[in-house]
Amino acid sequence: MIYAITIYGEAGVFESLPKAKQDEVLAGHYALQDALKERGEYVSIKLMPPTSAVMVDPAPGGDRAPLIVDGPFAETKESFLGFYAAEFADLDEALRFAAMISSPIARLEVRPVAWAGGAISTG
Amino acid sequence: MSDWLEAMFTQQRPRAIAALTRYLRDIDLAEEAFAEACVKALVAWRKNGTPRDPLAWLLTTARNAGLDHLRKQQRRQAILARHKQEFEPGEMLPPDPDELRDDLLRLLFVCCHPNLERQDQIALALKVVAGLTVPEIARGFLIKPKTMEQRITRAKRKIATTSVAFETPSPQERSKRLGEVSLMVYLMFNEGWSTSEGDTQIRLTLCEEAIRLARLLVALFPGMGEQVALLSLLLLQHARREARINEAGLLVPLDQQDRSRWDRGNIAEGIALLQKAQRINHQGAYRIQAAIAALHASAASAEATDWTSIEVHYAALYALQPTPVIRLNLIAAQARTQGPVVALEKMKALEGDLHGYRWFHTMRGGLMQQVGDHASAVEALETALSLGPTQLEKAAIKEKIAVSRKNLSALSESDPLSRP
């Protein structure tokens, strides 16, 4: 079963951490990436800050082209920061891997993937 | 543990101070109350976990702490009379996003008070909004902490006497505030960029805080193209931070920088933001500058740079802001597209306006070197030296002078008649 490890948190908090703590967080990610690479294929995505996003909203009525609208508006709440996805034997294994990137500034969610396709990399 | 929490407090601070300043009508008190709430959070959050809405928790706690102070100071009576309902202690609902947006803009705008010198406006914003300590700010400006302390105290006293209406601003007023605040953020970045010397961590504080504030403005006003463009511009510029100073600590001009040391993450984000800004149909000064920075950022080398487009952008910028300095930048691009001789000719018209501007002479010196007039190059570069360059610029200029002197002596050796 493919599981996604999704990461939520408040954008910008990582950047406010002292360098040593940033390295601590990154070390977890590098360890997870190495461990996943060893087992086979995996996907990892890190989103840019929400300020770079543009919103595409459905047109009222739904029969016209969607609307490109301003936003997202100022949110102090957590946002979707990125995710990993890979094949895991079972939920327990997925949870063990997720624990590698656990830190006080992020909330993680482990969820099975219903469908996956495509291949993409920024190098 | 406290490092993690400190980072969260830093993130909440601008919004919290802005809302608290409206509730308590006093910036100092808002800062004090927020600090107190953070101290309480260190204990409470460690014990019970981080609350679901950290901002609401901090605001409630800070407001109650602030009210306590007011009560003790007996200043409460007058203020209570004005806002009876508002000042009952208890749980505070997270402020409405629109209200919070105006609160923050107001707070930043107050820091931009016209009676304050630009540097003091910037220092005040760093202290009040960003929450930097006085020694941190002093390091950013390369001055003594004690001097900075005095300047901030004086600046605070000045703004305390001004009244900025706490009502919702009109669209015109909001737009004026946004323009002023954006300019302050832009200049904060420039201040950091130009004073950057010595230790990387110290010299980049101002730049990083400016980017953080620019990002905050975009989060508050996502539909404003100029603010999106400003963030883009700052990120594209910041991307070059590691490449602009070499191992010897010397300033490296753009065309000689090792582009592999440019921060690709910053560039990608800057270009994404520029595209976003370009969707919003407004050709503003920040957008044009961001477009120029993006052309530099995406060029594989100085030679491969699209100088023709850069020239067009500078011409557009000059149409918008016809200042001699922008004209000089336009000519610098034209030096690439039309050659140094044309550029030197065009520069003559600027001599009167820019004879006290050291970059004018540095550029003139560089162009004179290109056309092989090393005597004039030395003259121009020495003029630049006399106009107060920073330590880093000074070193770069001296190096250029040495190159021209070497050429001159080689010339006189090979042809004794060429110079007396």
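The chains referred to below are lettered A, B, ... by the order of the sequence lines, with proteins before strands, and numbering in each begins at 1.
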Q: Once salt bridge (charged side-chain N to carboxylate O under 4.0 Å, His left out) is applied, do any residues pair with B:Glu99, and if so which ones, sequence neighbours excluded?
A: B:Arg22
Q: Using heavy-atom distances under 4.5 Å, tell me whether A:Ala20 contacts chain B through its side chain, its backbone, both, or neither.
A: neither
Q: Counting only heavy atoms closer than 4.5 Å, note whether A:Thr122 contacts chain B via side chain, backbone, both or neither.
A: neither
Q: Main chain of B:Ala299, side chain of B:Arg259: is a donor-acceptor contact present, judged purely on distance under 3.5 Å?
A: yes
Q: Answer with side chain, backbone, both or neither: which region of B:Ala268 has an atom nearer than 4.5 Å to a non-hydrogen atom of chain A?
A: both
Q: Any donor and acceptor pair, going by atom type alone, linking the side chain of B:Arg46 with main-chain N or O of B:Leu42 inside 3.5 Å?
A: yes
Q: Measure the spacing between CZ of A:Phe97 and CG of A:Asp92 and express it to the nearest 0.5 Å.
A: 12.5 Å
Q: Select, from B:Arg52, B:Arg212, B:Met8, the one with the greatest count of heavy-atom pairs under 4.5 Å involving chain A.
A: B:Arg212
Q: Sort B:Ile280 into side chain, backbone, both or neither according to what part of it lies under 4.5 angstrom from a heavy atom of chain A.
A: neither
Q: Can you say whether A:Glu24 sits under 4.5 Å from chain B via the side chain, the backbone, both, or neither, judging by heavy atoms?
A: side chain
Q: Which of parallel (below 30°), tilted (30 to 60°) and perpendicular (above 60°) describes B:Phe9 and B:Phe34?
A: perpendicular
